[in-house]
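Numbering of ligands and ligand atoms starts at 1, following listing order.
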Amino acid sequence: MATPNTEIQYALSVSVGAFVDELVRSGVRHFCVCPGSRSTPLALTIARHPTAKLWMHLDERSAAFFGLGLAKTLREPVVLVCTSGTAAANFMPAVVEAFCARIPLVVLTADRPHELRDVGAPQTINQINLFGAHVKWFVDLAEPDAAPEMLRYTRTVAGRAVALSRRSPAGPVQINCPYREPLLPNPAAALTAPAARAEDRPYVTVSAGLRAPDAALVAALAADLSAAPRGLIICGPQDDPELSDVLTRLAGALGYPILADPLSGLRNGDHDRALVLDCYDAFLRDGAFVERFALDVVLRFGAMPVSKPLLLYLQHHQSCRLIVVDGDGGWNEPTLLASDMIYADARSLCEAILRQGVEALAGFSASEPAKASTPIWQHKSSAWARTWQSADRIARAAIAARFEALDELFEGRVFAELAALLPDGALLYAGNSMPIRDLDTFFPGGDHAIRLLANRGANGIDGVVSSALGAAAAGLGPTVLVIGDLSFYHDSNGLLAAMQHHLNLTIILLNNDGGGIFSFLPQAGDPEHFETLFGTPHGLDFRPLAQMYGARYERVLGWPAFRTAVQRGIEAGGLHIVEVPTERARNVTLHREIWQSVSKALAKQSIHGEREERE
Ligand SMILES: Cc1ncc(C[n+]2csc(CCOP(=O)(O)OP(=O)(O)O)c2C)c(N)n1
């Protein structure tokens, strides 16, 4: 007869074995695990699993962001594991980011069994609904039990958690896992994986369809758009790599320019980019342009773009019809100007409008020519689109000319340089604060397949180093991170993962000794308190920190040195930090001078005077 301890150990082994086995069967490949005793059953079972990839991390906050970067880059759910207590609470920032950015994470928090909760047991906090409204699902798992129905339950929860994390809108789920001592699973029992389906099939196969657009809605929309020649497509952060092709075809048919956020996936690639504009953040700062070019309609996809001038432009012309498409059924609409919210898969909607356009055109020529409304194809190469294309070209050329004449290091120019330096297949992660904004303005799109990434769910300056290391760990291509010094300092713990897991990442550290973004804000007008409260200079020398983590560190003082250092970083691999020293006040001056150059160039080429032809 088994002793009570071995019974517990047997139940623990087969239950946790079935749980981890089911996570893998449901599609999880990567597990980010942090040390601790209470999580031992999970950690050992994952470590012993023949195919699970274990990423060990010492700091839970960094670990969770690493998992987030990995999940975002691979577009698949990643599992996080931690012990009980504040360890779990340290997952919070990344869970919030994952929730807001719709990234699938399965968060496993080990816990004490029920009788040891709320009684002063060590390292025990209330982990029930720990992440509140920032997870899609919470389960306080039953204690390990080897009974057949309990194993079916365990597998069902595991499969359901993975499915739910990836189901639209994707996001994090938390499973709280109570374990009773002894915590060591028996390896032989754990791998028997009882109650499994044959041939590695999941216990439950979960299927979910896309939101299909309604036929009546498509017909009405196609008719409305065809009657509105002055339209724009705006594409914010979104993650469907196949949207580019159909969206650019729709833009061509409608004659609408596409204002493409850096995280839209539209700026780079071999799709037709004739109507894809990437310099609007610069030319929409020009008051005369904004005033002159009122519009009829906007069709907006993805989350809200980062560009503030674009937001102000929409607010200026708020009588225009703003149609927002959210295939996830969420509400990514902070302008509060939307007249229509469409819950339909973006790609399917574009295809359906295009088909409707073809049918309208066929009907127009064949049967009732007199009655047909303007077929949407007629807007193609409209004066409206040509004007926007010219503005984009003029703005980009004005910026390039300004850079030609400027020798000194400038934060914005880093992105123009990277556009030329990064090889096909590279990943460029931008930190929050000025890097994402400068990426928006100064990174010209191109044929190269360069994937642009950032944490824009909650815009935190925390966890950015780890997120980029997670992206690098995906192994899809050379990875470069551009980050401000405060943000770098914030997650310097994350650097350890590069050393421990032999990751390749080139970090471009824009060191302006503090929070550069605040110098653009009205707060900068309070000289008495500005530096203490907002500028926050720290005077840190990051070189010894880099040495501690085995990174190569270069401080560059000019563009040739910058180019060589970045190229070296990408080619040599490992962790490479390229520090670009800049000065906060000068950074603001240079940005403002560039906006003026753009406005002057627009005026010089009479872009505001262009005749508006209604077609
Ligand atoms: C976790 C977190 N804390 C505080 C902020 C507020 N914040 C936004 S930008 C910023 C300064 C960032 O400085 P740095 O990373 O050096 O970039 P720079 O502004 O110089 O581009 C701060 C503190 C935030 N977004 N996230």
Side-chain angles (χ1 to χ4, degrees), residues 59-62 64-66 68-69 89-101 131 134 237 262 281 304 306-308 334 409-415 418 428-443 453-468 480-495 507-524 529-542 545-546 555 577-592 594:
D59 172 333
E60 285 80 9
R61 189 170 66 167
S62 297
F65 275 108
F66 182 95
L68 174 103
N90 273 282
F91 280 168
M92 183 63 146
V95 168
V96 171
E97 172 63 24
F99 184 79
C100 298
F131 305 113
H134 289 100
D281 181 73
M304 190 62 198
V306 67
S307 171
K308 180 87 178 275
L409 291 174
F410 167 55
E411 295 183 16
R413 179 161 170 185
V414 161
F415 292 96
L418 286 176
L428 174 55
Y429 222 105
N432 281 318
S433 201
M434 286 312 288
I436 182 67
R437 290 172 175 80
D438 284 341
L439 173 73
D440 188 13
T441 323
F442 297 110
F443 187 87
L453 300 160
N455 291 351
R456 294 305 287 171
N459 306 359
I461 61 159
D462 47 350
V464 177
V465 170
S466 299
S467 303
V480 173
L481 164 67
V482 183
I483 188 167
D485 48 291
L486 288 196
S487 198
F488 178 75
Y489 160 77
H490 213 292
D491 191 23
S492 57
N493 267 11
L495 292 171
I507 299 179
I508 297 168
L509 170 57
L510 303 178
N511 190 358
N512 54 31
D513 194 20
I517 194 167
F518 299 122
S519 299
F520 290 82
L521 303 182
Q523 288 88 322
H529 298 110
F530 181 75
E531 280 299 282
T532 310
L533 296 179
F534 306 102
T536 58
H538 46 74
L540 289 171
D541 175 6
F542 292 110
L545 179 81
R555 187 170 202 259
I577 301 173
V578 181
E579 181 187 342
V580 179
T582 60
E583 207 261 304
R584 284 182 268 127
R586 179 75 183 140
N587 191 40
V588 177
T589 306
L590 287 172
H591 275 87
R592 291 193 176 139
I594 289 169

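Closest heavy-atom approach to atom 14 (P) of ligand 1 within the set L486, N432, I517: this belongs to L486. Of all the listed residues (T582, I483, N459), N459 holds the heavy atom that lies closest to atom 25 (N) of ligand 1. Of all the listed residues (F518, F534, F488), F518 holds the heavy atom that lies closest to atom 11 (C) of ligand 1.
You'll find the side chain of M434 stays beyond 4.5 Å of the side chain of R584, heavy atoms only. Contact check for F488 versus L495: side-chain heavy atoms found under the 4.5 Å cut-off. The side-chain heavy atoms of F410 and N587, taken from C-beta on, include a pair separated by under 4.5 Å.
Judged purely by atom type and a 3.5 angstrom limit, D491 uses its side chain to pair as donor or acceptor with the backbone of S466. Of the possible polar contacts, one joining the D513 side chain to the G539 backbone as a donor-acceptor pair under 3.5 Å is found.
Not a single heavy atom of P93 sits closer than 4.0 Å to an atom of ligand 1. Not a single heavy atom of A458 sits under 4.0 Å from any atom of ligand 1. In this structure, G460 has a heavy atom closer than 4.0 Å to ligand 1.
Distances below 4.0 Å separate heavy atoms of D462 from the following atoms of ligand 1: 1 (C). Atoms of ligand 1 found under 4.0 Å from any heavy atom of M434, numbered from 1 in the order shown, are 21 (O). Those atoms of ligand 1 that come under 4.0 Å of a heavy atom in P435, given as number and element, are 21 (O).
Within 6.0 Å of CZ in F520 there are more than 12 heavy atoms belonging to other residues, nucleotides or ligands.
Here's the thing with N512: one of its N/O atoms is less than 3.5 angstrom from an N/O atom of ligand 1. Annotation: D485 places an N or O atom under 3.5 Å from an N or O atom of ligand 1; distance criterion only.
Protein heavy atom at the shortest distance from atom 15 (O) of ligand 1 is S487 N, 2.9 Å. In terms of protein heavy atoms, atom 26 (N) of ligand 1 is closest to I461 N, 3.0 Å. Protein heavy atom in closest approach to atom 18 (P) of ligand 1: S433 OG, 3.2 Å. The protein heavy-atom contact nearest to atom 20 (O) of ligand 1 is G516 N, 2.7 Å.
Across every non-hydrogen atom of D438 and H591, the tightest pair is OD1-NE2, 2.7 Å. When all heavy atoms of G515 and L486 are compared, the closest pair comes out as N-CD1, 3.7 Å.
For R456, the salt bridge (charged side-chain N to carboxylate O under 4.0 Å, His left out) test picks out no residue, with sequence neighbours left out.
Taking the charged nitrogens against the carboxylate oxygens, R437 and E411 have no contact shorter than 4.0 Å, which rules out a salt bridge.
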